[in-house]
Amino acid sequence: MPETESCKNLIALLQLAYSAEQAAAYAYRGHWHSVVDVEERARIKQIEDEEWHHRELVGGILEKLGAHPNKQREIRSWLLGRALGFLCHLMGWFAPMYGAGRLESRNIREYETAARYARDCGHEEFTDCLLTMAEVEWEHEYYFRSRVLLHFFGRSLTLWPAPPPKETIRESFAREAEGGFTLVEAAS
Ligand SMILES: [Fe+2]
Ligand SMILES: [Fe+2]
């Protein structure tokens with residue numbers, strides 16, 4: 001049972017991430033099937049596999065925290081992922097690459113925040129795993145951004161804000177730990 005605000009926030013965020021990974025994985029399954037380029041297919045297939053792995057890891061953390069995935073979110077994310085995967089076959093090359101990049105940038109922040117909640121509620125044993133997932137999401141964002149920028153339309157658009165360099169994920173986390181910073185205190 002969650003004892004602190006940070007623990008409740010961690011569980012809620014992980015339930016969200018657990019289902020979001022399912023939606024992402026199914027969407028990428030449709031995505032890699034829809035692209036023609038062999039290297040793009042292989043990389044997006046690898047990203048699908050990484051999302052399934054994240055889901056496994058997040059599920060494991062939830063279990064250790066005595067929590068479970070949210071059933072309604074699970075149903076919604078299944079439907080959403082399947083729908084997006086199907087739409088990838090109709091939307092052409094650019095829109096799925098753009099949408100994926102935008103979503104991935106949010107995933108980086110989600111796992112960084114989850115790592116902070118874990119630290120704040122005394123579950124330091126999960127922080128390395130959560131920060132590693134943030135780093136993998138950073139790689140995903142970088143890949144889709146690079147794809148979008150290959151396209152003349154992508155170069156003429158203002159893209160979502162670029163995340164800071166990958167190293168800053170761990171650097172800022174370590175800096176905050178030294179300064180005794182907590183998310184709950186920062187919000188109050
Ligand atoms: Fe993921
Ligand atoms: Fe991802």
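The figures that follow rest on heavy atoms only: side chains count, while hydrogens, waters and symmetry mates do not. Positions are given from 1 along the sequence. Numbering of ligands and ligand atoms starts at 1, following listing order.
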- Mind running salt bridge (charged side-chain N to carboxylate O under 4.0 Å, His left out) on E135 and R170 for me, showing each step along the way? CA-CA 9 Å; E135 288 168 338; R170 283 187 194 260; 2.8 Å; yes
- Message: Less than 4.0 angstrom from a charged side-chain N to a carboxylate O is my criterion; do E176 and R119 meet it?
- Response: yes
- Got an N, O or S from E137 under 2.8 Å of the Fe ion (ligand 2)? yes
- Item | Reported CH2-to-OG1 distance for the pair W138 and T168, which is rounded to 0.5 angstrom | 9.0 Å
- Message: Quick check on side-chain hydrogen bond (donor to acceptor under 3.5 Å, both in side chains): which of E141, E171, E139 does K166 satisfy it with?
- Response: E139
- Query: Can an N, O or S atom be found in H54 less than 2.8 Å away from the Fe ion (ligand 2)?
  - Reply: no
- Using 2.8 Å as a strict upper limit, say whether an N, O or S atom of E104 approaches the Fe ion (ligand 2) that closely. yes
- Query: So R29 and D49, salt bridge (charged side-chain N to carboxylate O under 4.0 Å, His left out) or not? Walk me through it.
  - Reply: CA-CA 9 Å; R29 185 172 296 176; D49 295 343; over 6 Å; no
- Shortest-distance N, O or S atom of H140 relative to the Fe ion (ligand 2): ND1
- Is there an N/O/S atom in E51 that lies less than 2.8 Å from the Fe ion (ligand 2)? yes
